[in-house]
Each structure stands twice: as structure tokens, then as C-alpha cells.
Amino acid sequence: MTTTLSLIRPDDWHLHLRDGDALRAVLPHTARQFARAIVMPNLKPPVTTTALALDYRRRILDALPIEGPGADFEPLMTLYLTDRTPPDEMRRACEAGIVALKLYPAGATTNSDAGVTDIRKTYKTLEAMQREGLLLLVHGEVTDAEIDLFDREAVFIDRVLQPLRRDFPGLKIVFEHITTREAAQYVAAGDARLAATITAHHLLFNRNAIFLGGLRPHYYCLPVLKREEHRLALVAAATSGSPKFFLGTDSAPHAAVLKEHAAACAGCYTALSALELYAQAFESAGALDKLESFASFHGADFYGLPRNRGRITLRRQPWTLPESLPFGAQQLKPLCGGETLNWKLESAA
Ligand code: DOR
Ligand code: ZN
């Protein structure tokens, strides 16, 4: 039986770091596991300009440990796409090292009110992105009230993603945190400019987890967990070896009081044990040998960035996740808190 796993240091291609005290509470967890992360721009107010993104980057760097594990973590910055993002901002963004823009359909999720109301309003900006080589990261759910919540991702493919890819064949698109068989199939069948991230929680759980023994808000995220057949399709995609699928935790911290609430916030906090959760999912699928390429190679290759050099080691060593963590003046409850995982991250070099 495999007892240690040595991987090239991985990256997290979809992460929420928040700001202020929350940022300082969660950043060390990601920085000790990952060399780089794509940082989501859905702050309040959203990160809509290059200047705001550079300020945010500075606050992230200032929150890193000065030395030791995680000190060399590199945040990869994104801008929040709106109906009015100016096309000429794309040149500035590119020159400043911004790597991507995030498309939130308005109203789809946490802090998405300033998002895009009609994709056609962004076409001039998408043209400029295509020219500059900026990636488009997509929250792929329609927001129409008449579409069932569980169908919103599949409908998004037909209504938004297909036309978008037809109109911008040169644009690199990441279909973020896919949750359905339809999305996995669509990405697998697409050309080399289309890829997807998959979270650990969508690999480990189906929608029953939200309701097991009572309503469990820590399992509520968007896009919401789906049926078992979809989870199995995601596991098959993640462990297929296809370079079109890679790691993106979508770790999304919310104070416990806002999760355990009448209108619970969407988001699962997984950064504390991200790789351990992925290792658990890959091991259950008998595919531990596919973890390194999914976690450490495919994302960097798709983004056109160098692969990392350092290594990390995971050891087979059962450990119990804390139930709660400090989160500024509040508490943060990690997904699977109080439960035992089989793998533990040992060291980063
Ligand atoms: O569950 C989610 N939480 N999904 C998102 O799209 C946003 C995220 C957050 O920012 O909390
Ligand atoms: Zn997210």
C-alpha cells in the first residue's frame, strides 16, 4: 500500500481569499500547500480595475509569512468583469501581470450583483481580452428564476457558453468548478482552448450530503452539489489524465454565524486540508497516480505558466480536522471539521 506521495508543488486555480482579518486568517492555509493560486475578485466592492487588483495583490503579499512555509506564495490576480469593463483596460491589465477576468452572471452567487447582465454587453472587452491573451474564467450558471437550480449549469452551456466559444474562438476559457456530467462532457469534447476546474467537495460528495441527518449548511456551495451520477462523471474527468481538467478548490470562507443562518451563505472552506481531500477522492477512485498531473501540471500548462519546481509530500497518516478555526473576531468551520482524513501534508520544499 502506498504510504507516501511526493508531488511537484501544486497550484490552486480557483480560490477566495477575501480581505482584511479574513485574508490573514485563511492565507497561511493555502500558502503552505500551494505555490500559486488564482485569486477570485468578488470582494465588496469587486476588484474591477487593474489598480484595484494591484492594491489587493499588495495586501495579500503583506499578509504572507515573512519566512518559512508559504513565504514564497504567488497570488495570480483576476479582474471582475462587468457590463462596463472598458476594452482598453485589458492592455493595462495584461501589462500589470493580471492573468484573467472572471465572469459572474449577475445574481448567480456571493457578491455577483455587479456581474454581467447580458454577455453581449461585454463583447468589445472580450475581443480585447482575446487580443491580449487574457483568460476568461466562467461561473457557469444561468440566473433565470424559472430554471431549476439543479439545471442551471447545463442550461448555461447551451445559452451562453456555446455562442461565446463560437464568437471568440481564440479566447481561452476555464469553466470553473464544474458540477455536472453535461459540463464534463462538454469540456472533454471541446478544443484545447477550453478547460475546467473541479473542486474536492464536488469529487467527494453528492447532494445527499447537504441533507444527511438534518440540513448541513457547510455543504452548501454554488454551483450546488448534484446527484451521484454527476459526481461520478466528475471523478472520471479528474482522474482521466486529460489536460483539460485541473485543481481549483473554490475554497470560500464565510463566518460560521453566516453559514449557520436562515439564509446560509454559499461556500465550503477546504483550504486547510485541500490536498488531503483531493488525495482521498483520487484514492477512492483508485487513481492516486493521476493526482500529480491534475494538481500540479495541467493548470500551469493551460495558463501558459511554468510548472513549479519544489515538491510536497503527503503521508498516509490519519488525522482529525479541527471543528473550528479563528476567523478574525469570528469562527470558521472547515468542511469535514471533526472528521478523520487518511492523508496528511508533511512538508513543502
Ligand atoms: O459557493 C460559492 N461561494 N460559490 C461561489 O461562486 C462564490 C463563493 C463565495 O465567494 O463565497
Ligand atoms: Zn468561487
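Remember, it's 1-based here, ligands and their atoms both numbered in the order they're listed. The figures that follow rest on heavy atoms only: side chains count, while hydrogens, waters and symmetry mates do not.
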Metal proximity, Glu176 vs the Zn ion (ligand 2), N/O/S cut-off 2.8 Å |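 Of the N, O and S atoms in Glu176, none lies under 2.8 Å from the Zn ion (ligand 2), which means no.
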His177 backbone or side-chain N/O/S under 2.8 Å from the Zn ion (ligand 2) = no
Restricting to N/O/S, name the atom of [X] that gets closest to the Zn ion (ligand 2).
{"X": "Asp250", "value": "OD1"}
{"X": "His14", "value": "NE2"}
{"X": "His16", "value": "NE2"}

Looking at side-chain heavy atoms only, is the closest gap between Asp144 and Arg159 below 4.5 Å?
-> yes
What is the nearest protein non-hydrogen atom to atom 3 (N) of ligand 1, stated with its residue, atom name and distance?
-> Ala266 O, 3.0 Å
Heavy-atom proximity to atom 11 (O) of ligand 1, picking from His14, His254, Glu141, points to His254
Could you pull out, from Val224, Leu222, Thr110, Thr109, the option with a heavy atom nearest to atom 1 (O) of ligand 1?
->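 Shortest heavy-atom distance from atom 1 (O) of ligand 1: Leu222.
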Considering only heavy atoms of [X], which atoms of ligand 1 have at least one such atom less than 4.0 Å away?
{"X": "Cys221", "value": "1 (O)"}
{"X": "Asn42", "value": "9 (C), 10 (O)"}
{"X": "Arg18", "value": "9 (C), 10 (O), 11 (O)"}

Taking the six-membered ring for Trp, is the centroid-to-centroid distance between Tyr123 and Phe168 below 6.0 Å?
->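 Aromatic pair counts; centres sit under 6.0 Å.
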Test: Lys172 cationic atom under 6.0 Å from Phe302 six-membered ring centre, within 45° of axis |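 That pair qualifies as a cation-pi contact.
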In terms of side-chain geometry, is the basic nitrogen of Arg311 or Glu292 positioned less than 4.0 Å from the acidic oxygen of its partner?
->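 Looking at Arg311 and Glu292, the cut-off is met.
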State whether Lys121 and Asp118 are salt-bridged, where the test is any N-O pair (Lys NZ or Arg NE/NH1/NH2 against Asp/Glu carboxylate O) under 4.0 Å.
-> no
Consider only side-chain N and O atoms of Thr320 and Glu339, and report whether a donor and an acceptor are under 3.5 Å apart.
->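 Checked: Thr320/Glu339 side chains show no N/O donor-acceptor pair below 3.5 Å.
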Ignoring hydrogens and angles, state whether a donor on the side chain of Glu276 or Gln33 is under 3.5 Å from an acceptor on the partner side chain.
->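 Side chains of Glu276 and Gln33: pair found under 3.5 Å.
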Does [X] approach ligand 1 within less than 4.0 angstrom via side chain, backbone, both or neither, non-hydrogen atoms only?
{"X": "Ala252", "result": "side chain"}
{"X": "Asn111", "result": "neither"}
{"X": "His139", "result": "side chain"}

Determine the interplanar angle of the Tyr104 and Tyr80 rings, folded into 0 to 90°, and report it as parallel if under 30°, tilted if 30 to 60°, perpendicular if over 60°.
-> tilted
Reference residue Lys333; test side chain to side chain donor-acceptor pair (under 3.5 Å); the match among His218, His254, Glu260 =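 One option only clears the test, and that one is Glu260.
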